[in-house]
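Residue numbering restarts at 1 for every chain, and letters A, B, ... go by the order of the sequence lines.
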Amino acid sequence: MELSAKYNPAEVEDKWYSYWLEHKFFHSEPNEKEPYTIVIPPPNVTGILHMGHVLNNTLNDVLIRKARMDGKNACWVPGTDHASIATENKVVAKLKAEGISKEDLTREEFLAHAWAWKEEHGGIILKQLRKLGASCDWDRTRFTMDPDLSEAVINTFVHFYKKGWIYKGVRMVNWDPEALTAVSDDEVIHKDTQSHFYHLKYYISDGNGNPTDRYLVIATTRPETIMADAAICVNPADERHHWLRGKKVLIPLINREIPVIEDSYVEMDFGTGCLKVTPAHDVHDYEIGLRHNLPVLDIIDEHGRLNEEARILVGEDRFVARKKIVKMLEESGNLLKTEEYTSPVGYSERTNAVIEPRLSAQWFLKMDKLAGLALETVESGKTRLIPDKYINTYRHWMENVRDWCISRQLWWGQRIPAWYLPDGKVVVEPDAEAALKAAQAIDPSLKAEDLRQDEDVLDTWFSSWLWPISVFDPQMPGHPDHVPNKDLSYYYPTNDLVTGPDILFFWVARMIMAGNEFMGKEPFHNVYLTGIVRDKIGRKMSKTLGNSPDPLDLIAKHGADAVRIGMLLCSSAGNDIFFDESQIEQGRNFCNKIWNSYRLIKSFAVDENTQQSDVCKVAVDWFDAKLSQTIQTVEDHYSKFRISDALMAIYKLFWDDYCSWYLEAIKPAYADGKPLPMDKATYDATLRYFEALIKMIHPVMPFISEELWQDMEQRKEGETIMFAPTPKARPFDASVITAFEMAAETINAIRGIRNQKNLPPRAPLALKIKGDFPKQAVPVIERLANTSSVEIVPEFSESNGVNFLIRTVEMFVPLTGLINVEEEIAKLEKELEYQKKFLAGVRAKLSNERFTAHAPEAVVANERKKEADSLSKIESFESQLKSLINSK
RNA sequence: GGGAGCAUAGCUCAGUCGGUUUAGAGCAUCUGCCUUACAAGCAGAGGGUCGGCGGUUCGAAUCCGUCUGCUCCCACCA
């Protein structure tokens, strides 16, 4: 194959992805090998790929591809989440744009629209993941509303209901007036919001519903709720308000009479010390109402508009009503003053509507036992959080968890399997048939049409918490007819889970609970928590800011491998990612480097009769050792989930060690305009090393590695780098590495001299070395430093030139006429001065008796070595200085 | 309001048990090169009082206290 000077990912990526699919390389079935399993964090079914997905799925793919090459039976289960509220919102918005209101549709009609939407937009994101190179087992693709997965959810509900952990109760819930549903506490975001603090006069009643001229003052941010007031409350210890005891006051504008009550909940020094109690529209007020038996008057409807009970401003939106009522209160003389005020206000995570506390009947799941066990799972280390700093937050959440409100007033999702009898009794069964049977057990005369199923659906997380179990066995253990399933027993528990910390509680903790409940075992061993992808100035990526690049554009522009590298280079676990396209360019450059190194080695010719040169021998032996050393480092990084460090180690091994040093050392010389052939031993080693390198990089850069691996030799149909075993480290001689490093440092120093003295790279220079230097490194220096001669001598016989030190070895390059003696003297003096200061520091330490007495022997010995090295350097500098001065 | 975390080069980050480090990497920057794989490249160079102050210790980027600045989580003082 002819190779162009630049790597072109577009020509390569689709080809190999199709090849992988065609041969079902991603597919896994239980076998005798050790399983390695990951379930995908299911993206919203109608979602599209964003940079967060790219990060997450690249990490997943790196782990799964690494495991596959490590010889495990790797299985990555993909799928999507029905995302009840998010999807329903989208469908409602789409219908609205077509002039259809959800309220005009029956449940069945609406669901038909929703499924049509899902068929049209669903799974786009999974197609996009293929572009990224994700090696998911697509045959196992799951959707949380697949019929059998829905069945698992329903059975789970029945399971907990029969266990007595699910109950229905009237509670103050977080009501989203836009989505028209309750949302959980976790779905409410509190933001400090600028508002007003209105001070209102409530006149004391004369007992007959007429105002006297005395009044009290309350301070409120929500004047539109005064019509729902049930009492005015003061702190019993607040003497300022004792005169109000037993009094009744009149609500402004509507003149309804309400009592003054006392409760220590009221803060004396906040506001006026008088609190208006509005049980229907505030959580705390509701609790005060319960304590004092106050009536609950609900004046706000599900849309957030005032209803008939309000008596005034009926039908007005709560915020419009607020403005209007302020004006009315002002006119009536009840508004004493208005203050600017900033207070936390809850917003719906989904619709950004201001949450309205609202009383309603909802279904709850008791959390105490589930949370206790889930905490134990993490604290005992059965499931590890990476980074482990999240354990504190996790513990706090588990210890303060409240019962989980699992019902949602939506249609898109699993409908709650509860049926109401005409008398209000409820039966909970997996389906209508079973429900009728159960109902007839209570009242044999009942018929199917007498039963009414609960209208609500279940919270999305109530289905996705089963994900690591239900994707393998939708019937779920715990079901009375459950038969153990081969997939579940083989793949569960899964190994690692990669996800964002924002859903640690929503999803991860709840999967642990479900795992404990149904499997008696944690669902995964490690949870790798990524950071949030931000733009380069630290803003969260969002559609509204328009600061999020389209990953597919990036892939088209730079290639999938480049995008993957770009994401990984800046992603240590748990830290937020500051994304910058230049990181992807770095990845693209690396692809090109790999590509061109391959072009070079492909151009090598072999001659079986050529003897291996010294320099080739040294380079081959060195890289052999270096490769093993780096493999050890990389494996260590992987074992600690330090993926970006593992990648960086491979990157440097490839670029610096293999390309810049190894290939430059063994690259054939030219004769008569043609490169000389290479000996076979070197050639074979070079290819062997290249193959090891592309195998090491394959989990991160699947496409280019497959392309080059396939090109290296004639591969059979069905062969792939995907299953090539990860290179293994072998024992190596560290002194081989040291020797080469010293040669490299020497070469760098000589190049530096050339650069500094403005000498052309090929200007012949002689090198003299004094002292103990590894002889095998000499040919490397000759080859790469363009020296005319390298001699190891007992003493330097001349002084006109440049002196330098490599570690503790003195070196000298004669440079007659090319050096400025004054400059050299100044340079040496500076170094000498620094060295003397350094020596003084070391000696101060050594002469401190407490140091020599307390410090470990090895540390003291090291200080002594520093002292000796420093002394020898000083001696060398001084003698160089002397001869330089003499030569003037 | 409560809790947690972070602060190391221009940027993003390593730095393990306090001592093999006279604080490292990648990118960016600067200088010189179109040298027979690669200018998406090569060679070289510069750049840090480890956020401030105090303490423990023979020894602190590392441990403790405190201040400053950021981030996140939890929390409806109406």
Side-chain angles (χ1 to χ4, degrees), chain A residues 3 5-7 174 185 188 190 197 218-222 233 265-267 269-272 274-278 282-285 341 343-346 355 357 387 389-390 392-394 396-397 400 501-502 504-505 532 536 538 558 562 569-572 574-578 580 582-583 585-586 588-603 640 642 644-645 647-649 651-652 659-660 663-664 667 670 673-675 748 751-756 758 760-762 834-835 837-838 841-842 845 848-856 858-863 865-866 870:
Chain A
L3 299 179
K6 284 191 167 54
Y7 170 60
N174 307 297
D185 292 340
V188 178
H190 293 277
F197 215 17
I218 60 99
T220 180
T221 54
R222 299 205 59 190
C233 188
Y265 166 77
V266 178
E267 298 283 336
D269 46 8
F270 187 82
T272 61
C274 295
L275 170 71
K276 76 185 207 54
V277 183
T278 318
D282 184 279
V283 181
H284 291 128
D285 290 11
Y341 186 64
S343 62
V345 173
I355 291 297
K389 65 177 178 184
Y390 285 105
N392 290 329
T393 334
Y394 182 86
H396 183 261
W397 195 76
N400 295 285
D502 48 334
L504 180 57
F505 309 126
I532 294 163
K536 65 176 160 183
H558 305 293
L569 278 173
C570 53
S571 61
S572 50
N575 285 344
D576 281 359
I577 313 304
F578 293 84
D580 187 342
S582 71
Q583 287 148 355
E585 281 167 22
Q586 189 186 347
R588 178 204 59 182
N589 295 353
F590 186 40
C591 290
N592 213 41
K593 189 70 186 176
I594 294 172
W595 184 258
N596 277 295
S597 64
Y598 180 68
R599 280 177 71 213
L600 176 65
I601 62 175
K602 215 185 158 172
S603 74
K640 293 170 182 153
R642 302 169 72 135
S644 59
D645 288 342
L647 168 60
M648 186 48 66
Y651 178 92
K652 285 197 271 194
C659 293
S660 296
L663 287 179
E664 291 300 333
K667 203 155 95 173
Y670 273 68
K674 278 194 282 186
N748 283 340
R751 286 170 176 169
I753 290 166
R754 280 205 172 84
N755 219 288
Q756 203 190 338
N758 269 317
R762 296 198 183 281
Y834 175 84
Q835 207 53 240
K837 244 162 95 184
F838 176 68
V842 173
K845 210 179 219 184
N848 183 337
E849 270 175 45
R850 284 187 293 183
F851 170 70
T852 45
H854 290 269
V859 174
V860 178
N862 185 52
E863 289 302 315
K865 186 173 178 299
K866 280 187 193 170
S870 183

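Aromatic ring pairs are classed by plane angle as parallel below 30°, tilted from 30° to 60° and perpendicular above 60°; the pair A:Trp397 and A:Phe505 is parallel.
Residue A:Ser597 is in base contact, counting any heavy-atom pair closer than 4.0 Å across all strands shown. A:Asp576 comes within 4.0 angstrom of sugar-phosphate atoms only, judged by non-hydrogen atoms across all strands, and of no base. Base contact: A:Glu267 has a heavy atom under 4.0 Å from a base atom. Within the nucleic acid shown, A:Val277 has no heavy atom closer than 4.0 Å to any nucleic acid atom. Counting any heavy atom pair closer than 4.0 Å across all strands shown, A:Cys233 reaches no nucleic acid atom. In this structure, A:Pro357 reaches the bases: a heavy-atom distance under 4.0 Å links it to at least one base atom across the strands shown. Among the heavy atoms of the strands lying under 4.0 Å from A:Tyr341 are primed sugar atoms or P, OP1, OP2 only; no base atom is included.
Protein atom NZ of A:Lys389 is 9 Å distant from nucleotide atom C1' of B:rU71, rounded to whole Å. For the pair A:Asn596 CG and B:rA39 C1', the interatomic distance rounds to 11 Å; values are reported in whole Å. The CZ atom of A:Phe578 sits 16 Å away from the C1' atom of B:rC27 (whole-angstrom rounding). The distance from atom CH2 of A:Trp397 to atom C1' of B:rA75 is 15 Å, rounded to the nearest whole Å. In this structure, NZ of A:Lys602 is placed 13 Å from C1' of B:rA37, rounded to the nearest angstrom. Rounded to whole angstrom, the span from the CG atom of A:Asn755 across to the P atom of B:rG46 amounts to 11 Å. In this structure, the NZ atom of A:Lys276 is 8 Å from the C1' atom of B:rA78, given to the nearest Å. Between A:Asn392 atom CG and B:rC6 atom P the separation is 10 Å, expressed in whole Å.
Between A:Asn748 and the phosphate of B:rG44, there is a side-chain N or O to OP1/OP2 separation shorter than 4.0 Å. The phosphate of B:rG15 (OP1 or OP2) has a side-chain N or O of A:Arg642 nearer than 4.0 angstrom. Phosphate proximity of B:rG41 to A:Tyr7: absent, as no side-chain N or O sits under 4.0 Å from OP1 or OP2. The side chain of A:Lys593 places an N or O atom within less than 4.0 Å of a non-bridging phosphate oxygen (OP1 or OP2) of B:rC42.
When Watson-Crick and G-U wobble pairs are counted only if both distances are under 3.5 Å, B:rA4 pairs with B:rU71. Nucleotide B:rC63 has B:rG55 as its partner under the Watson-Crick or G-U criteria, with both atom distances under 3.5 Å. The nucleotide B:rG41 finds its pairing partner in B:rC33, both defining distances of the Watson-Crick or G-U wobble pair being shorter than 3.5 Å. Using the Watson-Crick or G-U wobble rule with both distances under 3.5 Å, B:rG24 pairs with B:rC13.
A ring pair (Phe, Tyr, Trp, His ring centres under 6.0 Å) with A:Phe590 is found for exactly one of A:Tyr651, A:Tyr7, A:Trp595, namely A:Tyr651.
Contact annotation: side chain of A:Glu664 to base of B:rA37, donor-acceptor pair present below 3.5 Å.
With B:rA40, B:rG26, B:rA43 as the candidates, the nucleotide lying closest to the side chain of A:Lys6 is B:rA40.
Side-chain N or O atoms of A:Asp282 include none that pairs as donor or acceptor with a backbone N or O of A:Thr278 at under 3.5 Å.
Residue-to-nucleotide proximity on RNA chain B shows that, of A:Leu663 and A:Ser870, the 5′-proximal contact is made by A:Ser870. Closest-nucleotide positions on RNA chain B for A:Tyr265 and A:His854 were compared, and the one nearer the 5' end corresponds to A:His854.
Stacking of A:Phe851 onto the six-membered ring of B:rC58 is not present when judged by under 5.5 angstrom between centres and under 30° between planes.
The nearest pair of heavy atoms linking A:Cys233 to A:Val266 is SG-CG2, 3.6 Å.
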